[in-house]
Amino acid sequence: MNDNNEDWSVVESCLHGDRQSYALLVKKYEKPVFNIIYRLTGDFEMAGDITQETFLKAYRSLRQVRAEFKFSNWLFKIATNLCRDQFKKKKPVVEISLDESIGVAGSVIPFDDSNNSLDPEEKLALKEEQKQVLDAIRSLPFIYRKIIVLRYIQDLAYKEIVDILKIPMGRVKVQLHRAHKILRNELTNIL
Amino acid sequence: MDCHYTGKLLLDYIEDELPNEVSRKVEAHLHKCESCSKEFARIQKMVNLMKTLPSINPTPGIAQKVMAKLEKEERLTSRSFLVKFKFLPKKVMIAAATLGVLAFVLYVTMTPFVHYPSFQFQTWAATVQAVPFDLEETGWWARRKKTADERLLSEDKYIGVIFGGILNQPEEINFLVKWIRPDGQPFNETGWKGRISPGLCSFMSDLDVSNYNESNVNESVLTASFDGEMIFKKQKGRVNDFPGTWKLEIYINDKLNTTLQIEV
């Protein structure tokens, strides 16, 4: 049974009254969902709230979703839509702290830093460059940021992005090219 | 393949989105063009930087919080009969709610007419600024309906009574409306005697408040069909000339059914 089929069999269990099995799906996908939301909003606390809301909304809509949709992509779609709604209401004003692991208002953002192959100096240089990249991504208009986050941070294929954003493949490519162009202009000093 | 064209294809080349043949041409160009090679390296570096961004561990306890909220929601909704409908598509719920509201509005507005076979009565006073030729079509009387026993206002031009019902079978009817002046003297009579077909029907008898001549009474039947005679007994005089409490006696089959009052 592949990953997606497993997800849908858990969904079936939920629909037959086994609510607790939904916790398996939440645990499985909370990290990617949270990461997408955090990279889109730049607000650690807000990302936590929207992640919860994503799973609640998904649960309430379990009966309406079609099984041919990849379950994880469906979650990502809900998450990006909630972020978009949040942007419509109010643009998050909190600065993303990309410096090591110090986050908003001094809180610790627990980065999953597993790159131990570099020496400390290289690590520092890489982090500085990553900080600039994230700054540049943060300054993108929301439609381009969505594409960049889904393609590179979530590492989704074009086809999956098409499914999530419900836009034609051609537009995904055009938006990705435009996003790249903006980013390259912003990052001339490190590229 | 020139530099300009290659530059446009570099991202697709990195993304492995080019057909093999085009991809080979780009590769060949990169081997011999330093400038494009550098541009390729820049894009590749940016892509690598983005792909290697550290992921972030989410705030702890998300699963527990989600499950706790779901449990709470379920507890709350399980007390309500609505729990049975919580998985219905939103559109179906909205449609059902709309139908419910419409049914309620219909019930409220039609209530005076639905109690077959007894007829409901309502007096009213109305102002007609520009009297239309076809009163029924304009529905002017419906716009200015007032509750019974309301005092006649100076701007009102007509007073009257309207009553009706819904018949589910043809019926022989015999209605009579008697207008009684405040001094107890009869003023006008309007009646209908005949056969009406099933459906919504209403009867109206009204007086022009300030008109003096004999034709100051209006009457009508609003029904799919009325086959019979209408009765008029008119006297000269103006309603305004007799201030006080006017009585409207409504007889059904020659028996007094209802008495209404209008203050003039």
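In what follows, every heavy atom counts, from backbone to side chain, and hydrogens, waters and symmetry copies are set aside. Values in this document were obtained by computation on a predicted structure and should not be read as measured data. First the proteins, then the strands, lettered A, B, ... as listed; each starts at 1.
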S.K.: With B:R42, which of A:I190, A:L191, A:T188 fulfils side-chain contact (heavy atoms from CB on, under 4.5 Å)?
M.R.: A:L191
S.K.: Relative to chain B, which segment of A:L25 carries a heavy atom at a distance below 4.5 Å: side chain, backbone, both, or neither?
M.R.: neither
S.K.: Against chain B, label A:A47 side chain, backbone, both or neither, depending on which of its atoms sit under 4.5 Å from a heavy atom there.
M.R.: neither
S.K.: In terms of heavy-atom pairs under 4.5 Å with chain B, which of A:D155, A:L187, A:L176 leads?
M.R.: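 Looking at each of A:D155, A:L187, A:L176 in turn, A:L176 comes out on top.
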S.K.: Among A:E53, A:R19, A:R151, single out the residue with the greatest number of heavy-atom pairs under 4.5 Å to chain B.
M.R.: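 Most heavy-atom pairs under 4.5 Å with chain B: A:R19.
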S.K.: Would you say that B:L11 contacts B:E17 through its side chain, given a criterion of any heavy-atom pair below 4.5 Å between the two side chains?
M.R.: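 No, their side chains stay 4.5 Å or more apart.
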S.K.: Could you check which of A:Q154, A:E129, A:K27 has the highest count of heavy-atom pairs closer than 4.5 Å to chain B?
M.R.: A:E129
S.K.: Please set out all donor-acceptor pairs under 3.5 angstrom arising from side-chain atoms of residues 178-186 of chain A, sequence neighbours excluded.
M.R.:
{"unit_1": "A:H180", "atom_1": "NE2", "unit_2": "A:Y152", "atom_2": "OH", "d": "2.8"}
{"unit_1": "A:R184", "atom_1": "NE", "unit_2": "B:E39", "atom_2": "OE2", "d": "3.1"}
{"unit_1": "A:N185", "atom_1": "ND2", "unit_2": "A:K181", "atom_2": "O", "d": "3.4"}

S.K.: Select one option (side chain, backbone, both, neither) describing which atoms of A:Q20 are under 4.5 Å from chain B's heavy atoms.
M.R.: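 Answer is both: backbone and side chain atoms of A:Q20 are under 4.5 Å from chain B.
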S.K.: Using 4.0 Å as the upper bound for N to carboxylate O, is an ion pair formed by A:K173 and B:E15?
M.R.: no
S.K.: Rounded to the nearest 0.5 Å, what separates atom OH in B:Y13 from atom NE2 in B:H29?
M.R.: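 B:Y13 atom OH to B:H29 atom NE2 measures 12.0 Å (nearest 0.5 Å).
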S.K.: Output the option from B:K51, B:M46, B:K65, B:K45 having the highest count of non-hydrogen pairs under 4.5 Å with chain A.
M.R.: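 Most heavy-atom pairs under 4.5 Å with chain A: B:M46.
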S.K.: B:Q64 versus chain A, heavy atoms under 4.5 Å apart: side chain, backbone, both or neither?
M.R.: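 Answer is neither: B:Q64 stays 4.5 Å or more from chain A.
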S.K.: Measure the spacing between NZ of A:K127 and CG of B:L53 and express it to the nearest 0.5 Å.
M.R.: 12.5 Å
S.K.: Calculate, to the nearest 0.5 Å, the distance between atoms NZ and OH belonging to B:K25 and B:Y5 respectively.
M.R.: 8.0 Å
S.K.: Using non-hydrogen atoms and a 4.5 Å limit, figure out which bit of B:K38 sits close to chain A: side chain, backbone, both or neither.
M.R.: neither
